[in-house]
Amino acid sequence: MLDLGFIRDNKEALLTGLKTKNFKEEDLHIVDKVIELDDQRKSLQTTLDAQKAESNQLSKEIGDLFKTGKQAEAQSLKDKVAGLKIGIKEGESSLQTIKENLEELLLALPNMPHPSVPPGNSEEDNEVFKDWGEDLPDLGESAKPHWELATKYNLFDLQLGAKISGAGFPLYRGKGAKLQRALINFFLDEAEKAGYEEIIPPLLVNEDSARGTGQLPDKEGQMYHATADDLYLIPTAEVPITNIHRGEILDEAQFPIKLCGYTPCFRREAGSYGAHVRGLNRVHQFDKIEIVRIEHPEKSYAALDEMLAHVESLLKKLELPYRILRLCGGDISFASALTFDFEIYSAAQKRWLEVSSVSNFETFQSNRMKLRFKDANKKKHLAHTLNGSALALARIVAGLLENNQTEDGIVIPKALQPYTRFEIIN
RNA sequence: GGAGGAGUGGCAGAGCUGGUUUAAUGCACCGGUCUUGAAAACCGACGUACCUUAACGGGUACCGGGGGUUCGAAUCCCUCCUCCUCCGCCA
């Protein structure tokens, strides 16, 4: 959620930013409407406060009159206050309505994109920020996609998952399961080395948390909802971990806050079916290690660079061909100011698979969460929040299986062998 | 799931038979006096949000959340949430 003060002070820049983000032309008037409603709110508040001040004053006098036994005078004042109260009640009711409308409009405005975000409408327009410098691996026509390799080596079973739950819920087994566990431990250890505190968060979150990071109301249909208890299955560890500090006023000295956590992630992925979603390419449940940072506004972009370097180091250690994209205005998420995606090359499918998304949300999430900090002068400011996948497992597994297939079996990268405790899957 | 108890400012903790509470008091934190320096002692300041003001300041709301009674609610009523104790169930 954008800050009202910011909107008032930067209206033109915001309108330009919203256009970059492909915000609907016909909805741009929301910005003016927000300012208008805020004006109404202020003016009504002023009137209302004055009325309440008078009512409070009279009530005190009534108390004094009762004590001194002047019943008749007290009664006449009581009537006067009763009249005042009618107006106050009406005023409070309209103020409430204005505030609700204002809040609704503010929630409808996406974050303003960083100046470096390229214009564009779709993923086609994303900027290749760092390309894979070498030749892409060519495994020839005999290369098998990961779902065929899985069957050959008995690594995971989608049909069994479908029998137990439904399509898109993979069941891993044998060395496939061990590979998952090895990757989780590897990623967590690497995050720890980079200074992130490990968190095991709840996997179901309440409405406040989902709103705090921006999943509600924008992406309601994408989360599984346990309606009996009104809890949401997390689509990413970003939600519970970022919300750890919701509603807090931090001390500046607490920065940087660096957290990481492994969780399964649940996504309904409603409506996405087709040729590109086979195997592990797109599933309803997958495992992910997430890194989250809460930062001083002046240091958040340096933090973003660090996070990119961290994710890049993981892919290097796994010896996977990768590239980094800077997402264009049309592809960047509602809440993000700047996002870099990491993609690995799947040599058997001959396509790039997204395995990480690293974003700076600036104050967008923290304003929703009222996550602030005090500076040296004890002034309060909104903090910046960032997060990134480091990394998302299902597609990493797909890439590893495909790229490392040989006639003898699937070779495990050296960095991962201490974790799998086997060097080859055959 | 059942019964009972409790949620007050960073922490502890009064108030809870409604009106000198503009929330006592202690601790912590901050500023000052004293001191070579520190401690102690003493003095002062010390919550959040919003409105208003050029500023000093003034005002409104907030005692877990929401609603109600009343001229007036931390205090009474309803409801929800959370925590504690006991019972039941359970990995």
Side-chain angles (χ1 to χ4, degrees), chain A residues 1-9 34-107 200-212 216 225-232 240 243-255 257 264 363 366-383:
Chain A
M1 187 161 71
L2 291 165
D3 182 60
L4 249 172
F6 176 85
I7 294 176
R8 297 188 84 107
D9 295 343
V34 158
I35 294 173
E36 186 192 321
L37 277 175
D38 192 42
D39 287 339
Q40 285 180 25
R41 186 194 116 257
K42 285 183 178 182
S43 128
L44 185 53
Q45 177 97 56
T46 308
T47 315
L48 210 48
D49 281 358
Q51 288 174 335
K52 284 184 178 175
E54 189 181 353
S55 160
N56 285 345
Q57 180 56 37
L58 290 175
S59 291
K60 252 178 217 164
E61 288 174 21
I62 291 171
D64 291 338
L65 289 173
F66 268 121
K67 267 181 222 154
T68 49
K70 297 174 181 163
Q71 306 288 340
E73 289 175 51
Q75 187 56 46
S76 101
L77 276 188
K78 273 170 87 164
D79 295 343
K80 193 174 173 190
V81 176
L84 259 179
K85 295 288 280 189
I86 295 169
I88 291 176
K89 197 129 189 169
E90 276 173 19
E92 278 184 330
S93 157
S94 6
L95 184 63
Q96 182 66 19
T97 308
I98 290 173
K99 279 184 175 171
E100 279 166 12
N101 292 341
L102 188 55
E103 174 85 359
E104 194 181 324
L105 290 182
L106 282 174
L107 286 172
I200 298 181
L203 304 182
L204 284 86
V205 296
N206 59 29
E207 202 178 306
D208 285 343
S209 295
R211 189 180 302 103
L216 290 178
H225 187 192
T227 52
D229 297 290
D230 205 15
L231 293 170
Y232 295 87
N243 273 283
I244 288 174
H245 294 286
R246 167 158 50 85
E248 292 185 3
I249 299 176
L250 301 165
D251 193 294
E252 195 176 30
Q254 285 176 263
F255 293 135
I257 294 177
T363 61
S366 60
N367 194 29
R368 288 184 170 210
M369 286 191 280
K370 299 295 170 242
L371 166 47
R372 291 164 295 172
F373 71 94
K374 273 186 185 161
D375 66 19
N377 298 319
K378 298 194 172 172
K379 287 207 83 173
K380 288 176 284 293
H381 311 272
L382 291 167

* Check whether any side-chain N or O of Lys380(A) sits under 4.0 Å from OP1 or OP2 of A49(B), and answer yes or no. => yes
- Task: May I ask you to verify if any side-chain N or O of Arg41(A) is less than 4.0 angstrom from the OP1 or OP2 atom of U52(B)?
- Result: no
Whole-Å C1' distance, A49(B) and A54(B): 23 Å
Charged N-O contact under 4.0 Å between Asp208(A) and Arg211(A):
yes
Base-paired stretches in RNA chain B with three or more consecutive Watson-Crick or G-U pairs, both distances under 3.5 Å, amount to B:1-7 with B:81-87, B:10-12 with B:25-27, B:30-33 with B:41-44, B:47-52 with B:57-62, B:64-68 with B:76-80
Separation between the C1' atoms of G72(B) and U33(B), rounded to whole Å:
44 Å
- Message: Distance check, C1' atoms only: A12(B) and A23(B), in whole angstrom units.
- Response: 15 Å
Between Leu231(A) and His225(A), the two heavy atoms sitting closest are O-CD2, 3.3 Å
A38(B) and G31(B), which share atom name P, separated by this distance in whole Å = 12 Å
Sorted by number, residues from residues 89-104 of chain A placing a heavy atom under 4.0 Å from RNA chain B are none
query: Any donor-acceptor pair under 3.5 Å linking the side chain of Ser366(A) with the backbone of Ala383(A)?
result: yes
N/O (side chain, Asn56(A)) to phosphate O (OP1/OP2, G59(B)) under 4.0 Å: no
Applying side chain to side chain contact (heavy atoms under 4.5 Å, CB included) to Leu4(A) and not counting sequence neighbours gives Val34(A), Asp38(A), Leu102(A), Leu106(A)
